[in-house]
Trainee: 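A single structure is presented below for examination.
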Amino acid sequence: MFGFFGRKGQEEKKKEENFCVESDLSKGIGLKVPSFHESVNYMYQKVKEAQLSNVADRFEAMEAVRCKFCKEGVSCQLCSMGPCRITPKTPRGVCGIDVHGIVMRNLLIKANMGLSAYTYHCREAALTLLETAKGNTIYEIKDPSKIDLLAEVLDIDTSLPLNEKAKLVAEGVLKSLSQNDYSVFVEKLAPESRKEVFRKLGIMPKGPMNELVDSVTRSMTNIDGDYISLALAALRNGVASAFGALIPLEIIQDALYGTPTPHECEVDFGVLDPDYVNILPNGHEPFVGMALVEVAKDPEIQKMAREAGAKGIKIVGSIETGQEMMARLQCGDVFAGLTSNWISIEYFLSTGAVDVFAMDMNCSLANLKEYADKYNFKLVAVSNLIGVPGSIRLEYKPGKEKEIAKEIIKIAIENFKERKNKPNTDVSRFKQKAIVGFSAEAIVNALGGSLNPLLEVIKSGDIKGVVALVNCTSLANGPQDSMTVQIAKELIKRDILVIGAGCGNAGLQKAGLETLEAVDKYAGPKLAGICKALGIPPVLSFGTCTDTGRIIMTVIAIANALGVDPSQLPVAVTAPEYMEQKAVIDGFSAVAMGLYTHVSPVPPVTGSDKVVKLLTEEVEGLTGGKIAVGNDPILAADGIEEHIMKKREALGI
């Protein structure tokens, strides 16, 4: 009924010892392991010995107490008459809502949170651009062409002086976030064929802030109990997120910090050298991280670190903030590379090589004080959203970034003086090269300035299709990054090019899939030939979850070049370890764009057969996209390949 690819059916058999044993883990056979990666498993044992709370053990403990009603999406806790649980004997909540309304409303609430987070990030990017245009920040506009791109969307004169134009662009983006009529970014950037679908379904969105107000209000008790209208609201949110928030925020960040271009960098725990002052900007926004790099380049700042007994200062990327930075910065004297994704945080912080963990708006664990106390580092919250106990608060505001960066560096140097003679764990062997920094522009440049070579190899079948792997990382369907790595290997083996983004992208990087060596090792023969001709890996690093907008624009460019709607392309999306609310809104964005979207683990919707049928079958007749689920990487890849081949056949290629 749910279209599972997995062999276990709707009620999966319990995981052996709660962590799957994966044959693909060369050193994990017969062992309980929390991760695909040797570095994480190694440090997990160290954390266990130290008897510290950690994400793997907390997940295992929770397995014994998980609520069946919550897993199926059939519980509601919104009002004082609840919580309500839907069963055959209690088919409606106290307010009268049925199981289908409760399940879809719960999913919409998650989508609301994802849209809110992306809109927040876009607002911060626009405010940063505004102050930069006024000359008030440490940043400069590194890619003026992106200001022109936004100016054209917003009907701003592109012949104006750069800073004046950038100021108007920033103000225009801020205004667009709360548009009360149709979003200008959807009107200008979505293909006409998609806009026809949006209009027909009533999901042509306003600005994302206004959509969010409507959608959160709709999600309250006694307002909308119809699973169909709730689902349409989620799809409308998806369109608002992709076009109204994600696309402008990444274009702004390209303007400020440079459009990503391919280059080699290093990832995994080995990028942490305990002989340096190590500062880790963590989260999803690159603003403070980029300021730290600029300030740390100052010879006088480096001298201060050496006088404290260190070899110097290193800025080390952590999760999506690190991905944003790594896509644009060369690994070198100041920027060291990327540690890993969010599940790894406790494990790399326990190496004893960190001085400051600087946290912006996303993905900082609430229990980090016990790690900071034991392993001698400082927690610094640079966003007013972050509430990690024990944090020093240095709130980022555009124009204060240099001051904040200097204060963080001062704190880190003082911390190093305390840390330098204390024990640390040698993780230097855990280091992997990766080619990062791909974008639509980088692909076009690699193809000689035109998409035509890519279109030709897709038409010829040398590349069967393209799959965007946009992902979190989760323990809910096996060891960290195991499903992500295995499905990527399956796809490239079948001559399907993979684009990586999100936390899962770090998993692909650490597994060696974003290297030229991966071409001969993992790619199918036809894809391998194309990769060698272009000098690219079989998995292209597109960055973070916010690059969903960048990926959608790439899909639109290919569709426009072929003269078809995006839903007709031999492309698909997979989120093989989706975890949090941003992933939910990304899924609705993809389905609204007409894309086949595989997700794992199974979302909490199985309690409603109508919602399941809508998402996995009926929506395809409305948008051209649909959700497919399954926790078996081979069977999931089978489904994706089958979809791609059907699209190829329909196009006559």
Side-chain angles (χ1 to χ4, degrees), residues 55 109-128 177 208 212 237 241-242 245-246 248-250 252-253 257 279-292 316-327 338-346 348-349 356-368 379-389 391 393-397 401 404 408 470-474 480 501-507 542-550 575 577-587 589:
V55 63
I109 289 169
K110 292 182 173 66
N112 293 343
M113 292 180 183
L115 175 59
S116 179
Y118 284 142
T119 304
Y120 173 92
H121 189 164
C122 186
R123 185 187 69 192
E124 294 294 288
L127 290 170
T128 300
L177 292 177
L212 188 61
N237 279 359
S241 174
L246 292 176
L249 90 81
E250 278 300 341
I252 288 173
Q253 290 182 168
Y257 308 121
I279 302 171
L280 277 61
N282 177 79
H284 283 227
E285 298 177 311
F287 312 127
V288 172
M290 288 295 194
L292 282 164
V316 185
S318 178
I319 66 165
E320 304 296 72
T321 293
Q323 290 283 1
E324 291 278 12
M325 297 171 69
M326 188 167 65
L338 178 80
T339 50
S340 190
N341 54 30
W342 85 267
I343 282 180
S344 303
I345 288 174
E346 291 158 319
F348 61 67
L349 289 178
V356 167
F357 194 62
M359 304 169 288
D360 65 55
M361 59 85 72
N362 214 173
C363 291
S364 293
L365 287 74
N367 66 309
L368 291 181
L379 295 165
V380 178
V382 299
S383 167
N384 66 347
L385 301 186
I386 292 294
V388 176
S391 301
R393 303 197 68 82
L394 294 172
E395 183 181 340
Y396 167 72
K397 289 185 182 298
E401 66 286 331
I404 289 169
I408 289 172
V470 188
N471 204 22
C472 308
T473 183
S474 174
Q480 172 203 16
C503 260
N505 196 26
F542 256 60
T544 76
C545 55
T546 62
D547 288 291
T548 298
R550 193 189 300 279
E577 293 182 41
Y578 99 92
M579 191 274 294
E580 52 107 272
Q581 298 81 33
K582 284 184 171 181
V584 175
I585 196 65
D586 289 342
S589 297

Trainee: Quick one, N237 with N112, criterion side-chain hydrogen bond (donor to acceptor under 3.5 Å, both in side chains). Give me CA distance, side-chain angles, the key distance, then yes/no.
Mentor: CA-CA 7 Å; N237 279 359; N112 293 343; 3.0 Å; yes
Trainee: Looking only at non-hydrogen atoms, find the nearest pair between L379 and P389 and report the distance.
Mentor: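 So the minimum-distance heavy-atom pair works out to CD1-O, 3.9 Å.
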Trainee: Taking all non-hydrogen atoms of both residues into account, name the closest pair between L338 and A506 and its distance.
Mentor: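 Minimum heavy-atom separation between L338 and A506: CD2-CB, 3.9 Å.
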Trainee: Quick one: do R393 and E395 make a salt bridge, cutoff under 4.0 Å?
Mentor: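 Salt bridge: no.
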Trainee: Less than 3.5 Å apart, any donor N or O on the side chain of Q480 or S344 sitting next to an acceptor on the other?
Mentor: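 On atom types as modelled, these side chains qualify, holding a pair under 3.5 Å.
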Trainee: Are the side chain of E250 and the backbone of R550 linked by a donor-acceptor contact shorter than 3.5 Å?
Mentor: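 No; zero donor-acceptor contacts below 3.5 Å.
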Trainee: With respect to T321, which candidate in N362, D360, N282 satisfies the side chain to side chain donor-acceptor pair (under 3.5 Å) definition?
Mentor: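 Looking at N362, D360, N282, the match for T321 under the side chain to side chain donor-acceptor pair (under 3.5 Å) is D360.
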Trainee: Does any non-hydrogen side-chain atom of L212 lie less than 4.5 Å from one of T119?
Mentor: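 No, every pair of side-chain atoms sits at 4.5 Å or beyond.
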Trainee: Taking the side chain as C-beta and beyond, is there a heavy-atom pair between F357 and V380 under 4.5 Å?
Mentor: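 Contact flag for F357/V380 side chains = no.
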Trainee: To check you understand the geometry: which heavy-atom pair defines the closest contact between P286 and H121, and what is its length?
Mentor: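 Scanning both residues, the minimum pair turns out to be CD-NE2, 4.2 Å.
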Trainee: Check the pair T544 / H284 against side-chain contact (heavy atoms from CB on, under 4.5 Å), numbers first and verdict last.
Mentor: CA-CA 8 Å; T544 76; H284 283 227; 6.0 Å; no
Trainee: Which is it for V288 and E401 under the side-chain contact (heavy atoms from CB on, under 4.5 Å) test, yes or no, and what are the steps along the way?
Mentor: CA-CA 6 Å; V288 172; E401 66 286 331; 5.6 Å; no
Trainee: Hey, what do you get for CE (M113) to NZ (K110), rounding to the nearest 0.5 Å?
Mentor: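 Result: 8.0 Å between the selected atoms.
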Trainee: Working note: L280 + V356, criterion side-chain contact (heavy atoms from CB on, under 4.5 Å); need CA distance, chi angles, decisive distance, verdict.
Mentor: CA-CA 6 Å; L280 277 61; V356 167; over 6 Å; no
Trainee: What's the separation between atom CD in E124 and atom CE in M361, rounded to the nearest 0.5 Å?
Mentor: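 Reported value, rounded in 0.5 Å steps: 8.0 Å.
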Trainee: With side chains defined as the heavy atoms from C-beta onward, is the minimum distance between I386 and V382 less than 4.5 Å?
Mentor: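 No, too far: nothing below the 4.5 Å cut-off.
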Trainee: Hey, mind stepping through M359 and V388 against side-chain contact (heavy atoms from CB on, under 4.5 Å) and telling me if it holds?
Mentor: CA-CA 9 Å; M359 304 169 288; V388 176; 3.8 Å; yes
Trainee: Say you draw a straight line from CG of D547 to CD of Q253; how long is it, rounded to the nearest 0.5 Å?
Mentor: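 Rounded to the nearest 0.5 Å, the CG-CD separation comes to 8.5 Å.
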Trainee: Would you call the rings of Y396 and F287 parallel, tilted or perpendicular, taking 30° and 60° as the class edges?
Mentor: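 Rings of Y396 and F287: parallel, under 30°.
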Trainee: Would you compute the distance between atom CG of L115 and atom CG of L246 and round it to the nearest 0.5 angstrom?
Mentor: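 Atom-to-atom, L115:CG and L246:CG are 9.0 Å apart.
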Trainee: Testing E285, E320, Q323, E324 for side chain to side chain donor-acceptor pair (under 3.5 Å) with T546, which one passes?
Mentor: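 Among the candidates, only E324 passes.
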Trainee: Specify the closest pair of heavy atoms between A583 and C472, including all atoms of both residues, with the distance to one decimal.
Mentor: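 Smallest heavy-atom distance, with atoms named: CB-SG, 3.8 Å.
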Trainee: Rounded to the nearest 0.5 Å, what separation is found between the OG1 atom of T473 and the CD atom of E580?
Mentor: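 These two atoms lie 12.0 Å from each other.
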Trainee: Begin with the C-alpha distance, continue with both residues' side-chain angles, and end with the deciding distance and a verdict on side-chain hydrogen bond (donor to acceptor under 3.5 Å, both in side chains) for Y118 and D586.
Mentor: CA-CA 10 Å; Y118 284 142; D586 289 342; 2.9 Å; yes
Trainee: Can you tell me how far apart SG (C122) and CG (L127) are? Round to the nearest 0.5 Å.
Mentor: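 Going from SG on C122 over to CG on L127, the span is 9.5 Å.
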Trainee: Quick one, W342 and V55 - any side-chain contact, counting heavy atoms below 4.5 Å?
Mentor: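 Yes, their side chains come closer than 4.5 Å.
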Trainee: Can you tell if the side chain of N505 reaches within under 4.5 Å of the side chain of N471, non-hydrogen atoms only?
Mentor: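 No; the side chains remain at least 4.5 Å from each other.
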Trainee: For T339 and G317, indicate whether the former's side chain and the latter's backbone hold a donor-acceptor pair under 3.5 Å.
Mentor: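 Flag set: sc T339 to bb G317 pair under 3.5 Å.
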